[in-house]
Visitor: 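One structure, pasted below without further comment.
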Amino acid sequence: MVAFSRKFCTTRSPLFSHKQLFQLQEPQQNQPFIPFSQLQQRKLLESQLISVLHGCNSLKQIKQVHAHLFRKGLDQCCFVLTKLLRMLTKFDVPMDPYPRLVFDQVKRPNPFLWTAFIRGYSLQGPFTESVLLYNCMRREGAGPVSFTFTALLKACTAALDVNLGRQIHAQAISIGGFANDLYVGNTLIEMYLKCGVLDCGRRVFDEMPDKDVISWTSLIVAYAKSGDMEAAARLFDGLPEKDMVAWTAMVTGYAQNGRPREALEYFERMQDVGVETDEVTLVGAISACAQLGAAKYANWVRDVAEQSGFGPTKNVVVVSALIDMYSKCGSVEDAYRVFEAMSERNVFSFSSMILGFAMHGRADAAMRLFHEMLKTETKPNRVTFVGVLTACSHVGMVEQGRHLFATMEECYGVSPSVDHYACMVDLLGRAGCLEEALKLIKTMPMEPHGGVWGALLGACRIHGNPDIAEIAANHLFEIEPNAIGNYILLSNIYALAGRWDDVSRIRKLMREKGLRKNPGCSWVEAKKGVIHEFFAGDMTHPKSTEIKRALEDLLDRLKEHGYLPNLSSVAYDVSDEDKKRILMTHSEKLALAFGLLSTNVGSSIRIVKNLRICEDCHSVMCGASQITGREIIVRDNMRFHHFRDGVCSCGNFW
DNA sequence: CTAGGGTTAG
């Protein structure tokens, strides 16, 4: 522990010997007398210099001011030098050597100058240097001031060193009650929260004599990050004056916790009460729309963005969020439009766009963009590779995927993570190389997670391999015992193989664990963007009779074109007639029939489904797109399917 | 001086 050691601090520059340091502590005896008029002139000059410094926008200009200080005899003026140091920090000038030199030339730094110097190291590191300097400052008898503690605490936050933070906290209490200062208190809260000690942050908050909206917001964010949105909402309700940042914290909190509806509720409410929105708020709302996948909300947020003056934004974060949103709302074209218009692209924008293409089965576009990216300064990261590998996977480009996976480390410096292994298992599995996929899992250098086994299980469903499926499922039942999807998938695979005893064994297992199947549910947008919801087997919609008739008509016409119900899509051991009846009422078929009824001829139909689309529905969608001439876009829980002229963008490969 | 931001696979 370096903090507050009794050892003499050695970080002060070699310009000073120990002896000199002690001499400096003695009060200066013979202060020269300065007449009042000169003093006034000097003050004027100082404030002029400060405004000059404020306007500097390069290191060179700051150096010029520094040289000027010497000429004017102000080279020891802490007031101006503090500003100078702060400007150097602002431009991220490395503390060594120049800012350090500036500081070392000052014989008697005042507490503010000390603090500015300490702050520099708190922002850049090495963080231990901040503490050493603090010791040094105390030894020289200067300060501290409240900023000193905020600077030190910032260093602790950056270093995630809560032990050091506690010591600073103790110092702040023991030296003149600095812990009661609002800024110090807020920084203390932030330090504890960032270090993951939520209860300590809460205690500081509860004990603070004066709190402001910043104190509340820090805590709200911490609860949100810990996943406790209820606690966050309780705090938010008690917050007397809610500003834009506090509202934004709630919007993004819900968005980050996978609760997009509530995120948008807060977004709407903040507009109702007349709080401004800025780009950060928008990013939260945009990300909520992406999760929801409904174009209606996306358009609404876009309108709000335009009204708030952030229409054609250049902010790279906003646009990257937009790319993701448009892709997930079904329009990869819109996503690409905003991507193309970007003046500045970073790894987020590229990766999001690549993932967007991958999600929509546009592997060629994804690969082209990837190669375009390689020509830029932007280096691909792990997410980028997840994107290209899934792109390969969804269209069965096995060799390309294998090659990328094999070379990603040596060529691009990204070492394969579990997620990349999951992509590879998916790629091999979908292509039918189940044995090879299993072998890959066994030779992985890390512990496979649910995604890896899940990919294998999914592939076993496509290729009907109950034996390997059992291996995968048994691992999954251990890793994620309550994930219902795994049980259903395995039981479907058994059903496909006609192993009905095993089916009932799994069903029994599910019952024993108290797991209940999620009902299939689909949404479709009718006229005016109204969203209608359909559950599997649900005939409660007011237009049920018409929907049923429309669906029967459609299926009859499809049968003339050779459609046969795919009875193996029903994983119950019931009669074929019952299977047909069950198939008829799958939620996506109801949504499709309603969509056909309630939208204009020629317009496209957008359906969102909570589960994976079944094979029978998939082929019905294909056929329907052909005989009705409509474009049908289905987003299931995995990916997008664009049905047009009888063909799906996934190439019947999902 | 102190609070809020985007991409990940089954």
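Here is how names work: the chains are called A, B, and so on, in the same order as the sequence lines, proteins then strands, and each is numbered from 1.
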Visitor: May I ask you to say what Asp419(A) touches in the nucleic acid, namely base, sugar-phosphate or nothing, with a heavy-atom cut-off under 4.0 Å?
Guide: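 Touches a base.
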Visitor: Please list, in 5' to 3' order, the outermost nucleotides of DNA chain B lying under 4.0 Å from any heavy atom of chain A.
Guide: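 Result: dC1(B) to dG10(B).
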Visitor: Remember a base hit wins even if backbone is also touched, and classify Val221(A) as base, sugar-phosphate or nothing at under 4.0 Å, heavy atoms.
Guide: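 Result for Val221(A) = sugar-phosphate.
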Visitor: Reckon Val316(A) touches a base, only the sugar-phosphate, or nothing at all at heavy-atom distances under 4.0 Å?
Guide: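 Here Val316(A) touches the bases of the nucleic acid.
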Visitor: Would you mind classifying the nucleic acid contact of Lys211(A) as base, sugar-phosphate or nothing, using non-hydrogen atoms under 4.0 angstrom?
Guide: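 Since no nucleic acid heavy atom lies under 4.0 Å of Lys211(A), the category is nothing.
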Visitor: Among residues at least two apart in sequence or on other chains, which ones pass salt bridge (charged side-chain N to carboxylate O under 4.0 Å, His left out) with Lys328(A)?
Guide: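 Residues passing salt bridge (charged side-chain N to carboxylate O under 4.0 Å, His left out) with Lys328(A): Asp324(A).
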Visitor: What nucleic acid atoms does Gly450(A) come within less than 4.0 Å of, heavy atoms only: base, sugar-phosphate, or nothing?
Guide: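 The residue Gly450(A) makes base contact.
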Visitor: Can you name the residues that form a salt bridge (charged side-chain N to carboxylate O under 4.0 Å, His left out) with Asp181(A), not counting sequence neighbours?
Guide: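 For Asp181(A), no residue satisfies salt bridge (charged side-chain N to carboxylate O under 4.0 Å, His left out) once neighbours in sequence are set aside.
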Visitor: At 4.0 Å (heavy atoms only), tell me whether Leu476(A) reaches a base, stays on the sugar-phosphate, or touches nothing.
Guide: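 Base: the residue Leu476(A), judged by heavy atoms under 4.0 Å, touches a nucleobase.
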Visitor: Determine the contact category for Glu480(A): base if any of its heavy atoms lies under 4.0 Å from a base atom, sugar-phosphate if only primed atoms, P, OP1 or OP2 are that close, otherwise nothing.
Guide: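 The answer is base, as Glu480(A) lies within the cut-off (heavy atoms under 4.0 Å) of a base atom.
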Visitor: Quick one: label Thr281(A) by what it contacts on the DNA or RNA (base, sugar-phosphate, nothing), any heavy atom closer than 4.0 Å.
Guide: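 Base contact.
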Visitor: Please determine whether a side-chain nitrogen of the Lys or Arg among Arg234(A) and Asp237(A) lies less than 4.0 Å from a carboxylate oxygen of the Asp or Glu.
Guide: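 Salt bridge flag = no for Asp237(A) with Arg234(A).
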Visitor: Considering residues at least two apart in sequence or located in another chain, which fulfil the salt bridge (charged side-chain N to carboxylate O under 4.0 Å, His left out) criterion with Arg203(A)?
Guide: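 By the salt bridge (charged side-chain N to carboxylate O under 4.0 Å, His left out) rule, Arg203(A) matches no residue at all.
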Visitor: For Val319(A), report the nucleic acid contact type (base, sugar-phosphate, nothing); a contact means any heavy atom under 4.0 Å.
Guide: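 Counting heavy atoms under 4.0 Å across all strands, no contact is made by Val319(A).
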Visitor: Taking only distance into account, with no hydrogens and no angle test, what donor-acceptor pairs under 3.5 Å do side-chain atoms of residues 475-484 of chain A form with protein atoms, sequence neighbours excluded?
Guide:
unit_1	atom_1	unit_2	atom_2	d
His475(A)	ND1	Ile471(A)	O	3.0
Glu480(A)	OE2	Asn486(A)	ND2	3.1

Visitor: Report which part of the nucleic acid Leu457(A) touches: base, sugar-phosphate, or nothing (heavy-atom distance under 4.0 Å, all strands).
Guide: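 Result for Leu457(A) = nothing.
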Visitor: Base, sugar-phosphate alone, or nothing: which one does Thr150(A) contact when heavy atoms must sit under 4.0 Å apart?
Guide: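 Contact class for Thr150(A): base.
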Visitor: What residues form a salt bridge (charged side-chain N to carboxylate O under 4.0 Å, His left out) with Arg382(A), not counting sequence neighbours?
Guide: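 By the salt bridge (charged side-chain N to carboxylate O under 4.0 Å, His left out) rule, Arg382(A) matches Asp419(A).
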Visitor: Would you call the rings of Phe357(A) and Tyr336(A) parallel, tilted or perpendicular if under 30° counts as parallel and over 60° as perpendicular?
Guide: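 The rings of Phe357(A) and Tyr336(A) sit tilted, inter-plane angle from 30° to 60°.
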